[in-house]
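First the structure, in the form of structure tokens, and then the observations on it.
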Amino acid sequence: MEKIKAPILPAELTDATDFLSLMEADPYLHGIHFQNCRIGEHHEKYIHFDGCVFENVEFEAFDWENLDLLDCVFINCELSNCKLLDGALHRLEFRHCRMMGCDFGGSTLVNITFSQNNARYANFSGTKLKHVRFDQSDLSMSSFNQCVFFHTAFDTCHLKEAEFINTPLKGLDLSTSDIEGITVNAEHLQGVIVSEMQALSLARLLGLIIR
């Protein structure tokens, strides 16, 4: 897998906590460091974050479509149940975030790293993932239905009971992750990379009887 491009951040960031005031002035936010604050519900339809860092930020009722995120880092943030539908997300890092039920449906994700996040029940259905790595993250019961994977990796993740319906898995390496109880289409298993024990489990999905 090719190296994922890291976010390109400005040499200096401006510290801020009053998100609403900044948004009222300009929905294009660049070079802002949000720290130890809460970003609540806002009804601006189109928002663009460029070169921003969010650290210990609680996103509450964050429900925006067509969100544009470029070169941003999220550290120890609360993103549970946030909706980032049909967004364009490029060169991002999510580290140690709580993202339970976070909805990325219909978005395009390019050069993204998810590291040590709790993303149980997250929804990635209908997304396009290119150069994306999930590292030591809990993605149990998450949905990856009708996804397009290109140079995407799952490294030591929990994928228990995750769904990969109508999603081709060719070239996807799941060998270090827990895939117990995942739901997949048998015709889309060709070319997936799994361990020997995982292969025995997946064989049952194909109706094979192992003795």
Side-chain angles (χ1 to χ4, degrees), residues 1-6 69 79-211:
M1 180 174 173
E2 296 180 16
K3 185 177 180 181
I4 295 175
K5 295 179 181 178
L69 284 171
L79 290 153
S80 294
N81 298 315
C82 290
K83 294 184 179 180
L84 310 176
L85 304 175
D86 302 313
L89 287 65
H90 295 266
R91 290 195 301 270
L92 306 180
E93 292 182 2
F94 294 88
R95 309 179 205 155
H96 306 284
C97 293
R98 192 169 182 266
M99 311 174 71
M100 295 181 64
C102 194
D103 192 348
F104 293 89
S107 293
T108 298
L109 283 65
V110 182
N111 285 302
I112 313 290
T113 301
F114 294 88
S115 181
Q116 300 183 54
N117 301 294
N118 179 358
R120 293 162 63 91
Y121 302 101
N123 179 43
F124 292 87
S125 295
T127 63
K128 297 179 180 179
L129 299 93
K130 182 178 181 180
H131 299 295
V132 177
R133 176 178 293 277
F134 296 92
D135 181 26
Q136 300 181 63
S137 292
D138 190 348
L139 295 154
S140 303
M141 281 77 75
S142 292
S143 297
F144 292 89
N145 301 327
Q146 297 182 312
C147 282
V148 177
F149 290 125
F150 184 79
H151 290 299
T152 298
F154 292 89
D155 187 2
T156 322
C157 291
H158 293 288
L159 288 164
K160 187 174 182 179
E161 298 183 30
E163 293 183 347
F164 292 83
I165 299 173
N166 296 327
T167 299
L169 302 181
K170 185 176 181 180
L172 198 65
D173 190 345
L174 302 176
S175 62
T176 63
S177 296
D178 178 3
I179 61 171
E180 180 182 354
I182 68 168
T183 302
V184 298
N185 300 100
E187 62 270 25
H188 289 147
L189 282 173
Q190 183 177 0
V192 66
I193 302 169
V194 295
S195 68
E196 183 176 352
M197 291 301 297
Q198 290 172 331
L200 293 174
S201 177
L202 291 174
R204 298 185 179 91
L205 296 177
L206 300 175
L208 300 179
I209 299 175
I210 302 173
R211 294 179 177 174

Do you know which two heavy atoms are closest between Cys147 and Pro168, and how far apart they sit? O-CD, 4.1 Å
Heavy-atom check, side chain of Asn145 versus side chain of Asn123, under 4.5 Å: no
When rounded to the nearest 0.5 angstrom, what distance separates OG in Ser107 from CG in Asp86? 6.0 Å
What heavy-atom pair brings Cys157 and Asp135 nearest, and what distance separates the two atoms? SG-N, 4.0 Å
Candidate pair Arg120 and Asp138, rule salt bridge (charged side-chain N to carboxylate O under 4.0 Å, His left out), full reasoning: CA-CA 6 Å; Arg120 293 162 63 91; Asp138 190 348; 3.5 Å; yes
Check: Ser142 side chain, Ala119 main-chain N or O, donor-acceptor pair, under 3.5 Å: yes
State the CG-OG distance between Leu200 and Ser195, to the nearest 0.5 angstrom. 8.5 Å
In chain order, what residues pass the side chain to side chain contact (heavy atoms under 4.5 Å, CB included) check against Lys170, with sequence neighbours excluded? none
For the residue pair Phe134 and Leu159, establish whether any side-chain heavy-atom pair is separated by less than 4.5 Å. no
Side chain to side chain contact (heavy atoms under 4.5 Å, CB included), that's the test. Do Asn166 and His188 meet it? Break it down for me. CA-CA 7 Å; Asn166 296 327; His188 289 147; 4.3 Å; yes
Atom CZ of Phe104 and atom CG of Leu89: how far apart are they, to the nearest 0.5 Å? 6.5 Å
OG1-CG distance between Thr127 and Leu84, expressed to the nearest 0.5 angstrom: 11.5 Å
Using every non-hydrogen atom in the two residues, find where Ala122 and Met99 come nearest and quote the distance to one decimal. CB-O, 4.3 Å
Measure across Val192 and Leu172 and return the closest heavy-atom pair with its distance rounded to 0.1 Å. CG2-O, 3.4 Å
Given Ile4 and Val132, is the side chain to side chain contact (heavy atoms under 4.5 Å, CB included) satisfied, shown in steps? CA-CA 7 Å; Ile4 295 175; Val132 177; 5.6 Å; no
Quick check: do Ile179 and Phe154 have side-chain heavy atoms less than 4.5 Å from each other? no
Quick one: are Asn185 and Ile165 in side-chain contact, heavy atoms under 4.5 Å? yes
Tell me whether the rings of His131 and Phe150 are parallel (<30°), tilted (30 to 60°) or perpendicular (>60°). perpendicular
Contact between Ser125 and Gln146 at the side-chain level, heavy atoms closer than 4.5 Å - yes or no? no
Which label fits Phe94 and Phe114: parallel for a plane angle under 30°, tilted from 30 to 60°, or perpendicular past 60°? parallel
Sequence neighbours excluded, the answer for side chain to side chain contact (heavy atoms under 4.5 Å, CB included) partners of Asp178 is His158, Lys160, Glu180
In short, Thr167 meets Phe149 closest at the heavy-atom pair CG2-CE1, 3.5 Å
Contacts of Glu93 meeting salt bridge (charged side-chain N to carboxylate O under 4.0 Å, His left out) (sequence neighbours excluded), chain-then-number -> Arg95
Gap between atom CZ of Arg98 and atom CG of Asn117 - 0.5 Å precision: 12.0 Å
Measuring from atom CD of Gln116 to atom NE2 of His96, what distance do you get when rounded to the nearest 0.5 angstrom? 4.5 Å
